[in-house]
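Naming: A, B, ... by sequence-line order, numbering from 1 per chain.
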Amino acid sequence: MAVVMAKARQDIHASDYSSNVNVMFVLQLLFGLLGLLPACIASSSDLLDSYVSNDGVIYADDQIIQAIFAQERNFTLCALFTTERESVNCQFCKVFAPDFKLVASLYDKQTTDSEKEMYFLYVDLDSNREAFKTLGMTHVPNLVFYPPATAKGDIKRGLLAEHKFTTFLRDDSQVDVLIDILKPYGVNIEIVTEFPWSKLIEAIGLAIITIVVGFAFREKVLKLWRNKKIWLAISLMSVIMFISGHMYNVTRGTKFMGYNGKDYVLIDPSFQSQFAVETQIVAVLYSSLAFIAIGMIKLVSQLKTRSAQSLATIICSLALLVICSILINLFKVKSYGFPISLLPISLF
Amino acid sequence: MSAETTPLQTAVLPEKRGTKHGKLLRVIKFIILSSIAAAAVSMRLYSVLRFESIIHEYDPWFNFRATKYLSEHGYQKFLNWFDNRSWYPLGRVTGGTLFPGLMVTSNIVHKLLLFLGLPVDIREVCVLFAPAFSGLTAYFTYLLTREMKDDVSGMLAALFVGMAPGYISRSVAGSYDNEAISITLLMATFYFWIKAVKIGSVLYASICALSYFYMVSAWGGYVFITNMIPLHVFVLLLMGRYHARLYTAYCTWYSLGTLASMQIPFVGTLPVKGSEHMSALGVFGLLQIVAFASFLKSKVTPKQFKLTVITSTVAIIALSAFGLVALTYAGIVLPWTGRFYSLWDTNYAKIHIPIIASVSEHQPTPWTSFFMDLSVLTWFFPVGVYLAIQELRDEHVFLIVYAVFASYFSGVMVRLVLTLTPIVAVCSAIAISALLDVYNTSGSEKETVDTNTPIAEKSDKTTKSKAKVTKVNDDAKPDQVSFFDSLGRKTVGSTLSRILAVSSFALYIIMFVKQSDYVTESAYSSPSVVLSSSSPDGQTFLIDDFREAYYWLRMNTDEDAKILSWWDYGYQIGGMADRTTLVDNNTWNNTHIGMVGRIMSVDEDRAYPLLLQHDVDYILIIFGGAINFNGDDLNKFLWMIRISGGIWPEEVKESDYYTNGYYQVGSDSSDAMRNSLLHKMSFWRFQGMDRPRRVKIDANTVPSLDIVEEAYTSANWMVRIYRVKKPDEFGRDLHKATAFDNK
């Protein structure tokens, strides 16, 4: 078992959340025989139907697996070997499992029990230690198809199994890919998108509530609406966030921070991309610079004595210089060879 | 109306013109402005100095070709121009699908120069067009900002807009594109609009409509104005600032501007049908209602008035919303165009129109790009917005609305930093000039001399604010001076403070100039047609493969030869090689582009019938493997696959081209990738390191290439041209024929 664990971890780190699953297509060895013996096939699927949970997936334990592999099958088995254990930290398992379950439940809904030709098996490392061993699974996640079989226990270990790699797209939903994989097995699943009635009703309800509340408190709402400070805050906030690249994070769904294997990294050294935290840092820098400048314009002249004015100006100018230097040095991290320098102060 | 405008105008007019002091000031102002314009122009000439006087990039080549056509054939023929040398075999109705403003303007300039006896080539006019207009932009920005604050801020804004890299990026010498002229027109239109709103003048509103028309004729981005002005009016209405001046300005602008804009063939009836223009129509209707309501108010009792207004507003809004939906559904009002829609839903383009998502100009903007293009203006900008909100006259509302929306749009799409740059310049200039007001040495002197101008304005301002105050601002007192004036009233007394503050901001402005100089020289001056590179010993050498290959095409191929290439190079082939292309940068037909992508991404046997069907004689590809050029066709291959896969999903499948989920080329790549025509043509006869993708290529990577034969490969292997073989004379398939020939 230790071997399994180690391999799992290694696999995941090596491929860096790589978005491919090794899909092993096991060849049908006894395909011919199968055609000859249609009468002999017992409806072992009845047994399985009882195992299928509400979402169309069989959550396997060692017993169920033994039961399945002990007898003949007239159905295809689509098994996902995976783990939810935190210490393994399998990112792609987390991404893939929900989509696997979704496809399974779609299939469950779209076919009746009698016409089922495929069962979806969810094999978790923790509850199926034996099964991982006997079936020779050495890494997760692993999607394996077991075709119909007549002889007992003939599919094991993937002898003569054809190793194929199917590509799973990064960041995208895996559902389409999975449906494509299932097609050669005669399983056609349609994706039905329903009109989002609930969302519509929600929106209408929200609108009504807003109108009612707005009407009930119209005096206060009007006062808020006319409050200059609120508009000031909204405009300044949005302007500063937008020019700090907020929309880039929204569109690209960037990571909050980077991780280089040892430490968390705040700054992406590439010029063309950024981490979400960079936007926050830059927005803080911009707004502190802007507010110091506003203070210099609005407040310094309000001070009574000249010496106080001088002191305030000195502090403000110094602060501007320091923060601007930090900004420039931050920019230099991302833009190599940028020729402008202020003070050599850098935080990042 | 007239009773209201006349006293205002007379009040504004008597400036300090007569005095000697005033004359000197005017001379100084003129000198400053012209030197700013000169600096703006000269900064944009780096590209000519470092390379040569050449048209840049892709789109400018088409504009140049169209300009030449116009100057040779005249305006009527130009409008009816059907171009059968692009989009083969479909052709393109070029005259009806372009914005003629740029070409017409440069032709007029050219004619004018000839008339003056300056025998310049039309190409020189085109190359220097953008820098010249950026000088004008600086002037209009000065005018606009002067309306917002004062002369000093105007001049600073001119300086900022003239030197901001965000604008330089689109207006260096040789960048002969629509943006070159349209930013000037954008500023002009906004200036006249502000002027029209300020004094409620029909004259200024008409000039505004005229310059709007000019803008429509020059750039598709005119939609920005079409929405910005109504938005300004709408926000003013929400703030309860309806005024007869606003009514006059908007109605004049809308009716004239809409009628005028429909005269451009490409725009046609879009201003009354397109969804992008509906907000302008809606605000026009709203303004009529508000005007009528304010008329009613003076006639009926308050209680009756309230009831009428509430019921009718609800009814009208519901009715018009329903009408709009119904008309859109019936197909009379056109739904939003994809490019516009992708601004609101950031994932829209990625899912629905890969061709838009494939253009790097349409990517979202990281913060580094903002800083690169705006330098320290990034933080001057919020200061200016803050100050504008403090002042908040009608024109400042415009400033704020513009600032917020432009920064949103520029965040979504990197090319829209261009529309953000002018407002950043204006706001920054307001900030700096406010600072100069406060840290002014002549605080008391200012009272006596400089306020001569504001006094006249102030009187009208106070009357204006009185009118406003009764409606909106409860906290403002009628006798209060405006925020900007109050800044100059109470200056900082300490000399040390003055020196420190002014010198530290001078430092930042110097930094800004240095940065824009650096950025312009290093990043924005490359023509993309000629590339420069430096050898290890520091010498620069120029890579001129593109022109070399295009020249080869022009000299060695039949005049009617059809060249297949990815759409990026269509305009250049048309402009420089003068040969017929299948697709070009005017990406009007997604299917045709998908067809080219399909030919590139399928294997030889499937590509050959398609090549024959489209009469292709030559295939031109860009290959950067030998000299580490990143923007080559193999790096754009994913987009070809995606675009064609969207149209022929059963034939081209994106996932087939990945190896282990990664994009990989070379012998280890997937079958689909290795057998694709583009992959074969790129690596044919190539051995060694493919440097952009860091893959070793050996002779076995491409064992055979049978349906095409290599015709030309440029000096650095960047451009490779292949001749498509004719079907074999003896009826053999091409694999056998080639094998036989090679024996």
Side-chain angles (χ1 to χ4, degrees), chain A residues 15 18-20 165-170 177 180 226 228 231-232 235-236 238-240 242-248 250-252 271-274 278-279 282 285-287 289-290 293-294 296-297 300-302 306-307 309-310 312-314 316-317 320-321 324 327 331 334-335 338-340 342, chain B residues 346-347 364-372 374 376 378-383 385-387 389-390 392 400 403-404 407-408 410-412 420 424 431 434-435 437-439 472-474 487 490-494 496-498 500-501 504 507-508 511 514-515 518 654-656 658-662:
Chain A
S15 54
S18 90
S19 43
N20 65 70
F165 294 95
T166 297
T167 308
F168 288 85
L169 301 171
R170 268 159 189 267
V177 186
D180 273 358
R226 283 175 183 162
K228 209 169 164 183
W231 291 106
L232 183 76
S235 323
L236 281 187
S238 46
V239 162
I240 290 176
F242 288 143
I243 58 172
S244 313
H246 178 65
M247 288 317 291
Y248 184 92
V250 173
T251 314
R252 289 284 162 85
F271 184 84
Q272 290 299 337
S273 57
Q274 65 182 29
E278 280 175 55
T279 297
V282 172
L285 289 177
Y286 283 165
S287 38
L289 284 166
I294 290 171
M296 283 176 86
I297 291 169
V300 173
S301 63
Q302 311 285 327
R306 291 199 166 188
S307 52
Q309 288 181 347
S310 307
T313 320
I314 291 171
C316 286
S317 312
L320 278 184
L321 191 63
C324 204
L327 181 69
F331 185 69
K334 311 207 25 138
S335 167
F338 187 67
I340 292 162
L342 286 175
Chain B
T346 45
N347 277 322
T365 321
W367 75 268
T368 39
S369 290
F370 279 113
F371 191 80
M372 184 96 162
L374 302 171
V376 288
T378 43
W379 58 273
F380 291 179
F381 176 42
V383 180
V385 173
Y386 173 85
L387 296 174
I389 293 179
Q390 296 299 319
L392 213 63
I400 295 151
V404 172
S407 46
Y408 169 77
S410 58
V412 176
L420 175 70
V424 169
L435 190 98
D437 282 348
V438 175
Y439 293 85
V472 260
N473 280 354
D474 302 313
L487 287 177
K490 195 170 185 191
T491 56
V492 173
S494 149
L496 179 68
S497 293
R498 287 171 180 164
L500 247 180
S504 71
L507 170 76
Y508 298 126
M511 221 174 84
K514 262 180 82 179
Q515 177 175 344
Y518 161 74
E654 192 180 342
S655 55
D656 291 350
Y658 289 110
T659 316
N660 295 343
Y662 288 95

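- Rounded to the nearest 0.5 angstrom, A:Q302 CD and A:Q309 CD are separated by 9.5 Å.
- In this structure, the portion of A:L236 lying under 4.5 Å from any heavy atom of chain B is its side chain and not its backbone.
- Contacts of A:C316 with chain B are absent, with no heavy-atom separation under 4.5 Å from either backbone or side chain.
- Residue contact with chain A, scored on non-hydrogen atoms closer than 4.5 Å, is absent for B:F380.
- When heavy atoms are compared at a cutoff of 4.5 Å, B:I400 approaches chain A solely by way of its side chain, counted from C-beta outward.
- You'll find the side chain of B:Y439 reaches within 4.5 Å of the side chain of B:L435, heavy atoms only.
- Under the ring-ring contact (aromatic ring centres under 6.0 Å, His included) criterion, B:F370 pairs with no residue at all, not counting sequence neighbours.
- For chain B, the nearby parts of A:V239 are the backbone and the side chain; heavy atoms of each come within less than 4.5 Å.
- Interface remark: A:I240 contributes side-chain atoms only to the contact with chain B (heavy atom separation under 4.5 Å).
- Taking all atoms of both residues into account, the shortest heavy-atom contact from B:L420 to B:A403 is CD1-O, 4.4 Å.
- A donor-acceptor pair under 3.5 Å is formed between the side chain of A:T279 and the backbone N or O of A:S244.
- Contacts between A:I340 and chain B at a heavy-atom distance below 4.5 Å involve the side chain alone, from C-beta outward.
- The heavy-atom pair separating A:F331 from B:M372 by the smallest distance is CZ-SD, 3.9 Å.
- The structure places OH of A:Y248 at 8.0 Å from OG1 of B:T368, a figure rounded to the nearest 0.5 Å.
- Between A:C324 and B:Y508, the shortest heavy-atom contact is SG-CE2, 3.8 Å.
- In terms of non-hydrogen atom pairs under 4.5 Å with chain B, the most contact-rich of A:L327, A:L285, A:L342, A:V282 is A:V282.
- Looking only at heavy-atom pairs under 4.5 Å with chain A, the residue among B:L496, B:T378, B:V385 that has the most is B:T378.
- By number of non-hydrogen pairs under 4.5 angstrom with chain B, the leading residue of A:A293, A:S273, A:A312, A:S310 is A:S310.
- For a residue to count as touching a neighbouring chain, one of its non-hydrogen atoms must lie under 4.5 Å from one of that chain's; by this rule A:Q274 touches chain B with the side chain only.
- Contacts between B:L487 and chain A at a heavy-atom distance below 4.5 Å involve the side chain alone, from C-beta outward.
- When each of B:L500, B:L507, B:V376, B:L387 is scored by its heavy-atom pairs under 4.5 Å with chain A, the top score falls to B:L500.
- Only the backbone of B:T365 comes within contact range of chain A, with at least one heavy atom under 4.5 Å from a heavy atom of that chain.
- The distance from the OH atom of A:Y286 to the CH2 atom of B:W379 is 11.0 Å, given to the nearest 0.5 Å.
- If you measure heavy-atom distances from B:Y518 to chain A, the contacts under 4.5 Å come from the side chain alone.
- A donor-acceptor contact shorter than 3.5 Å is absent between the side chain of A:S335 and the backbone of A:F338.
- Counting heavy-atom pairs closer than 4.5 Å to chain A, the top residue among B:V438, B:I389, B:V383 is B:I389.
- Contact annotation for A:I314: both backbone and side-chain heavy atoms come within less than 4.5 Å of a heavy atom of chain B.
- Here the CG atom belonging to A:L320 is positioned 6.0 Å from the OG atom belonging to B:S504, to the nearest 0.5 angstrom.
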